[in-house]
Asker: 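I'd like to ask some things about the structure below.
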Amino acid sequence: MDLQASICGIKLKNPLVLASGVLGLNKNNLLIAQRGGAGALTIKSITLEKRSGHDTPNVAFFEAGVLNAFGYCNMGLSAALEEFADLSCFSVPIFGSCTASNARDFAKLVSAFDKLDFAAIELPVSCPHTPSYGLLAGQSNVEKVRAIIKACRKETKKPIFLKINAGLPNFVEIALAAEKAGADAITCSNTLGPGMVIDINTAKPVLSFKVGGVSGPAIRPMVVRAIYELYEHLKIPIIGLGGVSQGEHVIEMLMAGASAVGIATGILQRGPCVFRKCCEELSRWMKEHGYGSIEELIGFAHQ
Amino acid sequence: MLTSRFERNRFVGAKIINVQSYGADIKIFEFECKLKAKPGQFIMLWLPGIGERPFSPTKTNPLELAVKKRGLFTKKMFELKVGDCVGIRGPYGKGFKYENVKHACLVAGGIGIAALVRLAETLSNNGAMVDFVYGVRKRDQLVFLERIEKVAELFVSTEDGSFGKKGTCIELLKRLLASKRYDCIYCCGPEPMMVQVLALCKHYNIKSQFSLERRMKCAVGICGHCALGSKLVCKDGPVFSGKTLASIREFMVHE
């Protein structure tokens with residue numbers, strides 16, 4: 001079965017994308033996900049300066065998913081420009097990801113990323129657990145998002161993906177403003193919350209940062225609903241992301257209106273080959289149900 | 001059920017029931033907690049307010065850990081007393097393979113002993129002949145000697161000559177390799193030492209397995225911090241065959 005997909009003119013051998021934040025610290029990390037069968041790979045977000053992030057524990061678990069608060073630990077822009085200068089070891093498109101506290105710094109990062117061979121650049125404005133970034137920098141504000149996209153649009157012709165948070169009451173408004181300001185796609189969603197897990201033996205929050213973004217099966221219905229709603233309003237494509245670990249979940253997101261589907265926490269559940277497994281399940285289901293292409297599934301739930 | 005994948009990673013509370021000190025920088029902690037872990041697998045230990053780190057259990061029922069004071073985290077661990085409670089999650093990773101091994105040589109450098117002591121016992125239980133080479137800086141860093149002597153022939157080196165042979169465990173291993181044949185050599189210690197052991201294994205064409213350590217954040221294969229080349233120490237390791245390590249540039253940089 002041909003699982004070819006496309007996002008902003010970028011051809012993907014399958015619609016599954018390694019989401020930013022997992023196995024994306026460097027090229028060696030990304031190669032693990034490429035071996036697992038991903039159709040595209042997103043690097044972990046880069047900031048202007050190197051960051052060591054929050055102390056451990058950075059992850060906390062509950063029965064329906066994971067909370068994480070890594071706090072944008074990353075090598076910083078100058079090291080990233082070296083690390084990702086040569087992307088010839090990859091056979092699938094690589095998406096850059098960078099984040100900052102304000103529009104000016106976002107633009108600096110995008111301007112630097114523009115010179116690399118990234119197929120697109122994703123801008124998260126939606127992290128729920130890092131002071132001075134994302135939601136903790138007030139980037140749930142429509143004006144701020146507009147300013148960020150406008151500033152970045154001037155720096156690159158590459159497709160710009162805006163990564164939003166489906167937990168915000170104004171997520172449609174944010175996506176519409178981004179579309180109008182020149183964003184090429186919306187990635188929905190970042191982790192939701194933040195939430196908290198308390199260890200009852202020690203009576204302490206598990207995460208060192210106390211709160212963290214919620215991911216995994218628990219958030220999938222919220223994300224599916226958000227994608228469904230975005231699809232009704234947007235002209236630009238959507239990358240669905242949140243709680244996907246099986247082929248059926250991919251189909252659900254495509255039907256809601258996603259053109260490509262990200263996987264992060266699913267790697268914990270089924271290993272890096274979660275991409276290949278999802279593709280097999282997707283293929284089988286499409287064959288059994290008489291679908292000939294990914295295209296036919298996109299937005300099918302809106303009929 | 002896929003959801004259980006998440007739940008099994010939750011911390012369980014583990015109360016300290018015994019602490020023994022060896023010299024100034026090694027302590028052995030016993031916890032009111034038991035778990036099933038193969039030799040070579042690791043657990044994550046959480047000190048609320050401080051952080052979490054990987055450790056190799058030296059016993060599983062009750063859980064026992066041997067800890068060497070190295071940085072802030074282990075310094076804080078050394079302040080723990082009987083009755084204090086920590087969080088434990090795991091076990092994680094792939095353990096040692098020891099089926100069909102009849103003659104084994106284990107090589108421990110320093111606190112690397114923690115990953116090998118249970119393996120020696122398991123190998124012996126399986127009927128294998130075990131030689132155990134154990135090198136430390138000075139005498140008071142030696143732990144588990146009685147346990148090892150029960151199941152293996154023990155060869156000890158100290159760098160200051162305060163016990164056993166003066167020198168390093170590499171010299172002891174070289175001497176053994178000159179006259180003995182092994183089905184497999186198992187090793188855990190500082191990485192430069194492991195690189196030397198790997199070179200010897202290659203020279204003598206002996207199979208080998210190594211237990212590695214990397215800074216770990218998630219232990220469940222998603223954060224990528226423990227990557228060694230494009231292998232993850234938490235999922236693909238922490239035990240790697242010599243054959244695998246020989247192909248990973250990031251391991252050999254210590255050469």
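The chains referred to below are lettered A, B, ... by the order of the sequence lines, with proteins before strands, and numbering in each begins at 1. As the structure is a computational prediction, the values presented were derived from the model and not from experiment.
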Asker: For A:Ala264, is it the side chain, the backbone, both or neither that has a heavy atom under 4.5 Å from a heavy atom of chain B?
Answerer: backbone
Asker: Would you mind checking which part of B:Met216 comes under 4.5 Å of any heavy atom in chain A, side chain (CB onward), backbone (N, CA, C, O), both or neither?
Answerer: backbone
Asker: Tell me, with the steps shown, if B:Ile222 and A:Leu23 meet side-chain contact (heavy atoms from CB on, under 4.5 Å).
Answerer: CA-CA 6 Å; B:Ile222 53 172; A:Leu23 296 181; 5.7 Å; no
Asker: Does B:Arg147 have more than 12 heavy atoms from other residues, nucleotides or ligands lying within 6.0 Å of its CZ?
Answerer: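 Yes.
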Asker: Kindly indicate, with the supporting measurements, whether the criterion side-chain contact (heavy atoms from CB on, under 4.5 Å) is fulfilled by B:Glu7 and A:Phe62.
Answerer: CA-CA 5 Å; B:Glu7 213 156 17; A:Phe62 69 110; over 6 Å; no
Asker: Among B:Arg89, B:Lys235, B:Met44, which residue forms the greatest number of heavy-atom pairs with chain A at distances under 4.5 Å?
Answerer: B:Arg89
Asker: I'd like to know which of A:Val22, A:Asn28, A:Thr265 tops the heavy-atom pair count under 4.5 Å against chain B.
Answerer: A:Asn28
Asker: What is the distance from atom NZ of A:Lys204 to atom CZ of B:Phe11, rounded to the nearest 0.5 Å?
Answerer: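 A:Lys204 atom NZ to B:Phe11 atom CZ measures 13.0 Å (nearest 0.5 Å).
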Asker: Let me know if B:Leu228 has heavy atoms under 4.5 Å from chain A in its side chain, its backbone, both or neither.
Answerer: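 Neither part; nothing is under 4.5 Å.
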Asker: Let me confirm one number: the SG-CG distance from B:Cys223 to A:Asn68, rounded to the nearest 0.5 Å.
Answerer: 10.0 Å
Asker: Quick check for you: among B:Pro48, B:Ala14, B:Ala227, which has the greatest number of heavy-atom pairs under 4.5 Å with chain A?
Answerer: B:Pro48
Asker: Top residue by heavy-atom pair count (under 4.5 Å) with chain B, among A:Ile267, A:Leu31, A:Asp199?
Answerer: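 Most pairs with chain B among the choices: A:Asp199.
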Asker: Is there a donor-acceptor contact under 3.5 Å from the side chain of B:Arg10 to the main chain of A:Glu63?
Answerer: no
Asker: Quick one, A:Phe61 and B:Arg5 - any side-chain contact, counting heavy atoms below 4.5 Å?
Answerer: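 Not in contact.
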Asker: Please walk me through it: do B:Ser230 and A:Arg35 pass side-chain contact (heavy atoms from CB on, under 4.5 Å)?
Answerer: CA-CA 10 Å; B:Ser230 44; A:Arg35 278 204 304 267; 3.3 Å; yes
Asker: At a heavy-atom separation under 4.5 Å, does A:Thr202 approach chain B through its side chain, its backbone, both, or neither?
Answerer: side chain
Asker: Under 4.5 Å from any heavy atom of chain B, what part of A:Pro272 do you find: side chain, backbone, both or neither?
Answerer: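 When you check distances to chain B, no heavy atom of A:Pro272 falls under 4.5 Å.
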Asker: Please report the closest heavy-atom contact between A:Phe70 and B:Cys218, naming both atoms and the distance.
Answerer: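 Shortest heavy-atom contact: CZ-CB, 4.4 Å.
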Asker: I'd like to know whether A:Leu25 forms a side-chain contact (heavy atoms from CB on, under 4.5 Å) with B:His225, so could you lay out the CA-CA distance, the side-chain angles of the two residues, the decisive distance to 0.1 Å, and finally the verdict.
Answerer: CA-CA 7 Å; A:Leu25 290 170; B:His225 282 270; 3.7 Å; yes
Asker: Under 6.0 Å from the NZ atom of A:Lys13, do we count more than 12 heavy atoms belonging to anything else shown?
Answerer: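 More than 12 heavy atoms, drawn from other residues, nucleotides or ligands, come within 6.0 Å of this atom.
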Asker: Out of A:Asn58, A:Val206, A:Asp55, A:Thr56, which residue meets the side-chain contact (heavy atoms from CB on, under 4.5 Å) rule with B:Glu52?
Answerer: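 Going through A:Asn58, A:Val206, A:Asp55, A:Thr56 one by one, the side-chain contact (heavy atoms from CB on, under 4.5 Å) with B:Glu52 is satisfied by A:Thr56 alone.
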Asker: Rounded to the nearest 0.5 Å, what separation is found between the CZ atom of B:Phe6 and the OG atom of A:Ser215?
Answerer: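 One gets 7.0 Å once the value is rounded to the nearest 0.5 Å.
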